[in-house]
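Structure record follows, encoded as structure tokens.
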Amino acid sequence: MADVTLRDVARAAGCSVATVSRVLAGTRPVGADTARRVRAAAASLGYRPNHAARALRSRATGTVGLVLPQITNPFYPALVRELTHALHAEGRAVLLADCDDDPVVEAERIDDLLSRRVDALLVIPADERRSRDAVAAAAARVPLVLLDRRCGPGVADSVAVDNATGMALVLDHLAATGRRRPCFVGAHGMASAAAERRAAYAAGSGALDPAAPERTALGDFSVAWGRAAVDALWQARPDAVVCANDLIAIGVLHRLQELGADVPGEVAVTGFDDIPMADLAAPGITTVRQPVAELAAEATRLLGHRLGADGAGPQRALRLAPDLVVRGSSAAPHVRA
């Protein structure tokens with residue numbers, strides 16, 4: 001099987017060697033039926049490409065580097081899964097790096113991936129300002145797409161959820177269920193998602209209560225912080241706790257239950273992202289669902305455009321619409337889920 005060649009695969013698939021090469025290398029678009037036929041023929045023959053030889057010939061490695069802020073956040077494994085599937089469908093492998101929310105480490109991870117001659121980079125920046133220099137320098141060397149978070153204008157193509165719309169969905173839902181004293185539990189720092197959700201709450205919550213924008217506690221995106229935030233805010237007796245992500249919301253829910261608060265009768269709890277644990281909580285947590293598969297598909301499409309022959313052109317910034325998933329944690333006070 002080690003001696004199977006591109007010519008053998010082409011003969012079995014009924015197409016040219018050049019077409020087989022394009023499909024397996026992912027260098028140019030090929031029709032879906034042809035691509036499936038080529039991959040099926042390669043699999044049945046046991047063809048294994050010589051990546052080192054191909055890299056020397058084409059100066060392309062068929063790999064994409066992916067830099068994450070923190071893999072322990074359950075939102076990111078779901079996104080990595082979708083990205084891996086989308087990139088593998090185009091014949092590209094993924095090299096994953098975690099920077100643990102540290103822009104200095106992030107810059108080191110980016111340099112390491114570039115030294116391994118990745119063809120392109122997908123980056124979820126740890127900090128909008130402090131990540132900018134390293135990301136911009138990398139974008140000058142290889143095609144780069146920012147995912148889920150931004151680094152300011154003029155750096156690279158980007159795709160993210162519309163955080164302001166997501167927060168507006170939450171606040172509209174709370175208003176419709178009679179909540180009038182919300183508070184917000186979010187994260188410090190300049191990760192753009194954190195800042196955008198924080199700003200959207202401040203801009204929209206005043207319609208429920210003029211004092212609501214001031215009822216804010218900031219820490220990090222963790223269960224532990226959600227629990228601690230309740231102790232800081234509960235004396236004000238809010239009737240809704242709006243959380244910047246689901247991990248915070250889970251911590252808030254657990255601490256409220258420990259204190260004997262009735263959720264949702266006395267206080268509603270909402271999250272953001274729709275990680276699996278949000279549905280498994282008791283009650284289930286109302287949250288903003290990010291379109292993870294669509295995020296991965298659009299990021300892959302933007303990257304493919306930059307890697308293609310016509311990869312020049314203006315930068316693109318895409319914002320995808322989220323959905324609100326209503327569960328028991330935010331039912332109207334007179335309703336029990």
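- Side chain of Thr63 to main chain of Val94: no donor-acceptor pair is present (N/O by atom type, distance under 3.5 Å, no hydrogens or angles).
- Ion pairing between Arg37 and Asp33 fails under the 4.0 Å rule for side-chain N and carboxylate O.
- For the residue pair Ala282 and Leu253, the shortest heavy atom distance occurs at O-CD2, 4.1 Å.
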query = Yes or no on side chain to side chain donor-acceptor pair (under 3.5 Å) for Glu106 and Ser131, after CA distance, side-chain angles and deciding distance?
reply = CA-CA 8 Å; Glu106 179 181 59; Ser131 299; 2.5 Å; yes

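- A salt bridge between Glu196 and Arg319 is present, with a side-chain N of the basic residue lying under 4.0 Å from a carboxylate O of the acidic one.
- The existence of a salt bridge linking Arg109 and Asp98 is excluded, since no basic side-chain nitrogen approaches an acidic carboxylate oxygen closer than 4.0 Å.
- Under the 4.5 Å side-chain heavy-atom criterion for grouping Ile, Leu, Val, Met, Phe, Trp and Tyr, Leu218 is not connected to Ile248 through any hydrophobic cluster.
- Side-chain atoms of Thr287 and Asp246 form a donor-acceptor pair, as typed in the model, at a separation below 3.5 Å.
- Checked by atom type and distance alone, the side chain of Tyr201 never pairs as donor or acceptor with a backbone atom of Thr216 at under 3.5 Å.
- Gln315 and Asp157 are not linked by any side-chain donor-acceptor pair at a separation below 3.5 angstrom, with hydrogens and angles left out of the test.
- Checked against Val145 for a side chain to side chain contact (heavy atoms under 4.5 Å, CB included), the options Val64, Leu122, Leu318 give a single hit: Leu122.
- Between Asp239 and Arg180, none of the side-chain N atoms (NZ, or NE/NH1/NH2) sits under 4.0 Å from a carboxylate O, so this pair counts as no salt bridge.
- The CD1 atom of Ile124 sits 6.0 Å away from atom CG of Leu66, with the distance rounded to the nearest 0.5 Å.
- The residues Arg197 and Asp273 are annotated as salt-bridged, a charged nitrogen and a carboxylate oxygen being separated by less than 4.0 angstrom.
- Other residues, nucleotides and ligands place more than 12 heavy atoms under 6.0 Å from the CD atom of Glu258.
- Of the residues listed (Asp101, Asp148, Val105, Asp102), the one engaging Pro69 in a side chain to side chain contact (heavy atoms under 4.5 Å, CB included) is Asp101, and it is the only one.
- Inspection of the His173 and Thr286 side chains reveals no N or O donor paired with an N or O acceptor under 3.5 Å.
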task = Determine, step by step, whether Val123 and Leu147 satisfy the side-chain contact (heavy atoms from CB on, under 4.5 Å) criterion, reporting the C-alpha distance in whole Å, the side-chain angles of both residues, the deciding distance to 0.1 Å, and the verdict.
result = CA-CA 6 Å; Val123 180; Leu147 188 59; over 6 Å; no

